[in-house]
Amino acid sequence: MAITAKQVKELREMTGAGMMDCKKALTATDGDFDKAIEFLREKGLAGAEKKAGRIAAEGVCEVKVSADEKQAVVVEVNAETDFVAKNEKFRTYVGQVADQALTTSVADIDAFLAEKWALDESKTVAEELSSQIAIIGENMHIRRFVQVKEDNGMVVSYIHAGGKIGVLVDLETTVVNDEIREMGRNIAMQVAALNPKFTNRTEVDQEYLAHETEIITAAAKNEKPDANEKIIAGMVQGRINKELKEICLVDQTYVKAADGKQSVQKYVEEVAKANGAQITVKGFVRFETGEGLEKKNEDFAAEVAAQREAANK
């Protein structure tokens with residue numbers, strides 16, 4: 001029988017297994033959900049269906065950089081509790097996931113979960129994840145990864161707070177040395193601390209700018225209803241520039257600037273001149289663990305009360 005996408009989605013939600021594994025299980029069992037769950041359990045997914053409903057919003061970000069510094073990856077793997085996120089077994093597993101993500105040729109999570117696990121090709125990445133869930137005892141989730149490649153320079157990485165934030169910075173540079181590596185790391189620390197939205201102004205969406213201009217213009221006219229158009233235009237441009245300096249990495253004030261005024265772009269130019277190099281910050285990736293995820297609200301008093309009530313029934 002033909003297996004529908006809806007069936008695959010439902011089985012995936014029930015078990016926490018990968019999309020391709022769910023499709024394989026349903027195909028092998030002619031769409032019988034109970035048998036499909038047994039099929040997945042036999043593949044090492046025994047505990048996954050019991051844990052798949054738990055919110056996994058803790059975890060760590062990990063980065064890996066190739067030996068030639070021209071390719072790097074940042075990954076986020078989630079667990080339920082901060083306790084497990086700090087566990088050495090969990091962190092070792094995350095490192096293995098990052099190693100595989102560094103060299104994978106796929107670009108999305110479903111395809112990544114469906115490929116062979118590099119350390120044991122009898123399993124898929126999803127099956128190894130389920131094995132780790134059974135071993136560690138919490139729901140876990142390989143949430144996302146991004147690769148960065150730079151043939152004309154280097155990729156610099158930075159991990160903040162033991163994996164709370166992971167950053168990659170793409171540097172196009174004609175010279176690669178320790179001073180430029182340090183510059184790249186400083187910029188990565190800037191990204192971690194100040195969370196810019198764009199690398200430079202050319203990346204800023206024009207619709208976003210138009211919308212912001214409309215809002216700021218209305219606010220300026222309300223503040224100074226008697227001002228002429230030239231004054232209003234000056235106010236608007238000044239406020240737009242201020243906002244762009246906050247959201248564009250190279251326009252931000254460099255956090256280590258001695259004068260408290262030097263921009264990131266000026267810092268890059270200073271290092272480039274000192275090293276006889278041409279350097280461009282081409283882009284960055286910033287992952288923060290759990291961003292955008294709903295975190296479980298732990299109410300232990302309510303949990304104990306619920307257990308007591310259940311025991312008295």
Side-chain angles (χ1 to χ4, degrees), residues 1-59 73 75-81 84-85 89-90 93-94 96-147 287 289-297 303 306-307 310 313:
M1 64 177 289
I3 303 301
T4 67
K6 182 179 179 182
Q7 288 175 301
V8 174
K9 182 181 178 183
E10 288 176 354
L11 184 60
R12 188 178 183 187
E13 289 174 349
M14 291 169 64
T15 65
M19 179 180 70
M20 297 302 295
D21 291 314
C22 289
K23 185 176 182 180
K24 188 190 301 182
L26 287 165
T27 301
T29 59
D30 293 325
D32 186 310
F33 272 74
D34 290 336
K35 290 181 179 178
I37 291 172
E38 290 179 4
F39 179 95
L40 292 171
R41 292 180 67 188
E42 290 170 2
K43 289 288 187 179
L45 301 172
E49 71 273 12
K50 296 178 181 179
K51 301 178 180 73
R54 301 180 190 168
I55 298 169
E58 297 294 340
V73 71
V75 302
E76 179 185 353
V77 181
N78 301 120
E80 293 177 59
T81 65
V84 163
K89 185 180 292 291
F90 174 75
Y93 169 67
V94 175
Q96 293 168 347
V97 172
D99 284 334
Q100 181 149 342
L102 177 63
T103 58
T104 186
S105 60
V106 303
D108 65 87
I109 284 295
D110 284 336
F112 182 68
L113 290 170
E115 73 178 14
K116 297 297 184 182
W117 178 240
L119 298 176
D120 181 356
E121 293 196 352
S122 69
K123 302 178 182 180
T124 64
V125 173
E127 287 170 345
E128 176 61 20
L129 171 62
S130 294
S131 296
Q132 293 295 327
I133 290 172
I135 292 168
I136 293 174
E138 282 195 3
N139 189 26
M140 290 156 51
H141 180 49
I142 303 174
R143 185 186 181 197
R144 53 183 174 164
F145 71 93
V146 171
Q147 291 177 332
F287 279 6
T289 303
E291 59 187 346
L293 293 177
E294 177 187 354
K295 295 200 175 186
K296 179 166 55 179
N297 181 21
E303 184 178 335
Q307 290 174 351
K313 286 185 178 179

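Note that the structure is predicted; figures quoted are calculated from it, not measured. Values below: all heavy atoms of this structure, side chains included; hydrogens, waters and symmetry mates excluded.
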*asked:* Among residues at least two apart in sequence or on other chains, which ones pass side-chain hydrogen bond (donor to acceptor under 3.5 Å, both in side chains) with Thr29?
replied: none
*Could you list the residues that satisfy side-chain hydrogen bond (donor to acceptor under 3.5 Å, both in side chains) with Thr103, not counting sequence neighbours?*
none
[X] [atom1] to [Y] [atom2] distance, which is reported to the nearest 0.5 Å:
X      : Y      : atom1 : atom2 : value
Met140 : Ile135 : CE    : CD1   : 9.0 Å
His141 : Glu76  : NE2   : CD    : 8.0 Å
Asp30  : Ile3   : CG    : CD1   : 7.5 Å
Lys23  : Thr4   : NZ    : OG1   : 10.5 Å

State, to 0.1 Å, how close [X] and [Y] come at their nearest heavy-atom pair, and which atoms those are.
X      : Y      : answer
Val77  : Tyr93  : CG1-CE2, 4.4 Å
Val75  : Val94  : CG2-CG1, 4.4 Å
Ala114 : Met20  : CB-CG, 3.3 Å
Lys123 : Ser131 : NZ-OG, 3.6 Å
Phe287 : Val146 : CZ-CG2, 3.7 Å
Val73  : Ala98  : CG1-O, 3.5 Å

State whether the side chain of [X] and the backbone N or O of [Y] hold a donor-acceptor pair below 3.5 Å, judged by distance alone.
X      : Y      : value
Gln147 : Leu102 : yes
Gln132 : Phe90  : no
Glu138 : Thr81  : yes
Asn78  : Glu58  : yes
Glu80  : Asn139 : yes

_side-chain hydrogen bond (donor to acceptor under 3.5 Å, both in side chains) between Gln96 and Glu128, intermediate numbers included_ = CA-CA 11 Å; Gln96 293 168 347; Glu128 176 61 20; over 6 Å; no
Is there a side-chain contact between [X] and [Y] in this structure, where contact means two heavy atoms from C-beta onward sitting under 4.5 Å apart?
X      : Y      : value
Val97  : Phe112 : yes
Lys89  : Ile136 : yes
Leu113 : Thr124 : no

_So, using side chain to side chain contact (heavy atoms under 4.5 Å, CB included) as the criterion, who are the partners of Ala28 when residues are at least two apart?_
Phe39
_Please determine whether a side-chain nitrogen of the Lys or Arg among Arg143 and Glu291 lies less than 4.0 Å from a carboxylate oxygen of the Asp or Glu._
no
